[in-house]
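So the structure is just underneath, and the comments pick up after that.
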Amino acid sequence: MLDIRYLRKNADEARTRLADRGVEAETLDRLLALDQRRRETIAEVETLKAQRNEVSDRIAFAKRQKEDASQAIAEMQTVGAKIKELDAQRTTLEQGVEGIAAHLPNLAAKEVPVGPDESANVEQRRWQPDEASYSKRPQVLQGAPEWLKPHFEIGENLGILDFERGAKVSGARFLYYIGDGARLERAVYNFMLDEHRKEGYTEMITPIVVNNTAMFGTGQYPKFVDDAYRVEGLEQTYIPTAEVPLTNYFSGETIPAEDLPIKFTALSPSFRKEAGAAGRDTRGLIRLHQFNKVEMVKFTKPEQSYDELEKMTANAENILQKLEIPYHVIMLSTGDMGFSAAKTYDVEVWMPAQNVYREISSVSNTEDFQARRMHITYRDEQDKLQLVHTLNGSGLAVGRTVAAILENYQNEDGSVTIPTVLRPYMGGQEVLAATPHF
RNA sequence: GGAGCUAUGGCACAAUCUGGUACUGCAGCGGACUCGAAAUCCGUCGAGCCGUCGUAUGGCGGUGUGCGGGUUCAAAUCCCGCUAGCUCCUCCA
């Protein structure tokens with residue numbers, strides 16, 4: 001949620017910055033017009049309420065003196081009716097303001113490139129493992145050899161991913177991991193959680209069903225209800241990301257300033273309807289209705305949030321560096337950023353079979369946008385309440401990481417070498433080879 | 001799933017039956033006493049949110065007794081709905 005006072009006092013600037021996020025100028029004008037009428041109505045009704053309070057006190061006093069107060073009571077009946085009417089108007093106006101404000105995306109930080117979509121994103125840096133370790137594997141950055149296969153074929157050939165039975169038992173975009181596949185997934189997220197724990201993140205296991213208030217708090221609702229798996233008949237939703245329960249952990253609370261920054265990490269399944277993505281990435285682990293993700297969330301003071309954004313991005317990159325898989329980092333443009341974000345870095349992992357980088361992590365500073373929706377505050381040096389800044393980032397999407405491992409570590413004979421850092425998590429196993437599971 | 005009880009400031013509680021400025025203690029803050037502290041005494045003490053005025057510490061008004069409605073001139077109090085916690089029963093990894 002944006003600060004209505006900021007929008008009011010800086011309407012011209014806000015119009016421009018909202019336009020960068022794809023919001024029409026007319027929307028802000030409607031919002032401000034409603035806000036103007038809301039404030040006028042409040043002024044009017046509060047005058048009457050002050051009058052009523054005063055007369056009610058006099059009535060109470062008269063009654064104690066056993067005096068007649070019926071004339072004052074009769075007067076207040078009229079005033080009461082008027083108050084009721086104005087309060088109803090006020091509620092309507094407030095809902096109108098809220099209805100628009102709740103749909104406004106966050107404003108972009110100054111350094112974010114302005115543009116309509118991903119074409120305006122700006123690459124920040126590329127990374128690839130050094131020669132020594134990389135030379136043992138296919139030269140995926142120097143032209144793919146003939147035998148290079150996409151991860152889903154590798155997985156199916158090895159018998160460790162079963163998309164057909166996933167579709168049979170659940171539906172499209174669901175799958176089974178089997179045997180070494182399941183074990184690899186587990187190794188990957190255990191490795192990720194251990195790395196983040198070393199960086200000072202507190203490990204959490206969260207509810208994976210949350211209420212509507214929580215979904216509103218992080219910005220999924222009301223605008224993106226259609227992409228959510230809702231619990232039939234209940235006001236609850238299967239989380240699309242652990243960002244929701246992690247960030248809402250402190251909703252409505254004042255965090256002691258000395259505890260900031262606070263860092264959480266959690267593994268959770270994530271559920272997405274993928275409305276509007278029909279026909280895209282229909283094969284493989286890239287776009288599923290249910291996938292595992294290790295998430296990072298931070299609560300910070302405003303002045304430290306951008307430093308913490310860089311650190312969180314580095315934490316995501318660290319995973320791929322230790323896995324020795326190439327990636328690059330891009331800064332998203334105003335047109336490509338998520339609803340709540342003020343600034344976002346995407347980490348995209350190299351997928352040699354498709355010859356592209358694919359998003360594997362998205363790290364955002366939402367500044368006070370979510371904190372305002374959730375009412376998360378701290379007390380500054382002057383003992384005044386201030387909104388915290390919240391950040392979130394994938395660290396990383398687990399399924400996509402498995403996909404990247406399969407493609408980047410595949411061998412000509414169809415086997416897959418297990419990255420060195422994962423071997424301790426797999427009982428020392430070094431290679432995934434086709435073996436019967438049952 | 002069934003039944004009962006509970007929800008009031010940072011904490012502990014009173015007022016609820018019988019509607020009329022939300023009591024008191026602890027903690028906090030300011031002061032007195034003291035070389036200083038403790039004890040004692042005096043004063044002060046509703047966080048947040050909304051509106052408005054002011055350059056500003058802030059003033060004024062509204063709201064605020066778990067949440068949402070209703071009745072009333074007036075609701076902590078009466079009525080309806082909900083949520084959470086506790087106890088008992090039932091069930092369960």
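Order of the sequence lines sets the chain letters (A, B, ...), proteins ahead of strands, with each chain counted from 1. Computed from a predicted model, the values in this text were never measured in an experiment.
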Worksheet item: So which one's nearest nucleotide on RNA chain B is more toward 5', A:Lys84 or A:Ala43?
Response: A:Ala43
Item to complete: Nearest-nucleotide wise, let me know which of A:Arg379 and A:Arg90 is further upstream toward the 5' end of RNA chain B.
Response: A:Arg379
[X] has an atom [atom1]; how far is it from atom [atom2] of [N], in whole Å?
X	N	atom1	atom2	result
A:Ile4	B:G51	CD1	P	9 Å
A:Phe61	B:C73	CZ	C1'	17 Å
A:Lys63	B:U18	NZ	P	17 Å
A:Asn212	B:C67	CG	C1'	15 Å
A:Asn211	B:A84	CG	C1'	12 Å
A:Asp3	B:C49	CG	C1'	13 Å
A:Gln77	B:U72	CD	C1'	9 Å
A:Arg39	B:U63	CZ	C1'	18 Å

Discussion item. Contact list please: residues 45-60 of chain A against RNA chain B, heavy atoms, distance less than 4.0 Å, in numerical order.
Written reply: A:Glu46, A:Lys49, A:Ala50, A:Arg52, A:Asn53, A:Ser56, A:Ile59, A:Ala60
Go through the side-chain N and O atoms of [X] and [Y] and say whether any donor and acceptor fall under 3.5 Å apart.
X	Y	answer
A:Tyr327	A:Ser361	no
A:Glu185	A:Asn292	yes
A:Ser394	A:Ser362	no

Could you measure between the two [atom1] atoms, the one in [N] and the one in [M], and give it in whole Å?
N	M	atom1	answer
B:G20	B:C78	P	11 Å
B:G85	B:C73	C1'	37 Å
B:U72	B:G66	C1'	23 Å
B:U21	B:A15	C1'	13 Å
B:U71	B:C80	C1'	11 Å
B:G36	B:G31	P	14 Å
B:C29	B:C23	P	23 Å
B:G9	B:C13	P	11 Å

Fill in: A:Arg5 side chain, from C-beta outward: closest of B:C73, B:G70, B:G51
B:G51
Item to complete: Starting from the C-alpha separation in whole Å, work towards a yes-or-no answer on ring pair (Phe, Tyr, Trp, His ring centres under 6.0 Å) for A:Phe250 and A:Phe299.
Response: CA-CA 9 Å; A:Phe250 285 120; A:Phe299 305 85; 5.0 Å; yes
Discussion item. Angle between ring planes, A:Tyr229 versus A:Phe174, binned at 30° and 60°: parallel, tilted or perpendicular?
Written reply: perpendicular
Worksheet item: Does the gap between the ring centers of A:Phe224 and A:Phe339 come in under 6.0 Å?
Response: yes
Worksheet item: Base, sugar-phosphate, or nothing: which does A:Arg8 touch, judged by heavy atoms less than 4.0 Å apart?
Response: sugar-phosphate
Worksheet item: What stems involve RNA chain B, if each pair must be Watson-Crick or G-U and both of its distances must be under 3.5 Å, with 3 or more such pairs in a row?
Response: B:1-7 with B:83-89, B:10-12 with B:24-26, B:28-32 with B:40-44, B:48-53 with B:58-63, B:66-70 with B:78-82
Worksheet item: Cation over ring, A:Arg373 on A:Phe216, under 6.0 Å and within 45°?
Response: yes
Worksheet item: In Å, rounded to the nearest 0.5 Å, how long is the span from CZ of A:Arg15 to CG of A:Asp20?
Response: 13.5 Å
Discussion item. For a 4.5 angstrom cut-off between non-hydrogen side-chain atoms, does A:Ile178 reach A:Phe438?
Written reply: yes
Worksheet item: Do the non-hydrogen side-chain atoms of A:Leu309 and A:His389 ever get within less than 4.5 Å of each other?
Response: no
